[in-house]
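Structure, as structure tokens:
We're numbering straight along the sequence, starting at 1. Values reported hereafter were calculated over all heavy atoms of this structure, with side chains retained and with hydrogens, waters and symmetry mates removed.
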Amino acid sequence: MNITKMISVFKKIAAVIPLLLFICGLISFTVAGFLANKIIGCIVVGICLIILSIILGMFKEGD
């Protein structure tokens with residue numbers, strides 16, 4: 001493999017790198033968004049359970 005072939009291969013690789021970085025960025029944003037939704041969902045469910053336990057505790061104290 002001579003120098004000109006190596007240079008052409010490096011140029012092709014350099015042309016593909018931005019596309020690969022863009023795809024990796026999209027995947028990471030998708031995974032991060034999924035995890036953020038899971039975490040926010042767990043927090044909201046926890047708050048709802050706390051509020052529900054407070055309300056049910058008020059009804060139980062009234063007996």
Contact check, side chains of Leu26 and Phe22, non-hydrogen atoms, under 4.5 Å: yes
Consider only side-chain heavy atoms of I, L, V, M, F, W and Y, link residues closer than 4.5 Å, and tell whether Ile51 and Ile43 are in one cluster. yes
Calculate, to the nearest 0.5 Å, the distance between atoms CE and CD1 belonging to Met6 and Ile13 respectively. 10.5 Å
In Val44, Leu52, Ile50, the residue satisfying side chain to side chain contact (heavy atoms under 4.5 Å, CB included) with Cys48 is Val44
Enter the distance from Leu56:CG to Leu49:CG here, rounded to the nearest 0.5 Å. 10.5 Å
Between atom CG of Leu35 and atom CD1 of Ile40, what is the distance when rounded to the nearest 0.5 Å? 11.0 Å
Return the CZ to OG1 distance between Phe34 and Thr30, rounded to the nearest 0.5 Å. 11.0 Å
Exactly one of Ile23, Ile17, Leu19 clears side chain to side chain contact (heavy atoms under 4.5 Å, CB included) with Leu21, and that residue is Ile17
Applying side-chain hydrogen bond (donor to acceptor under 3.5 Å, both in side chains), can you list everything that pairs with Thr4, at least two apart in sequence or on another chain? Asn2
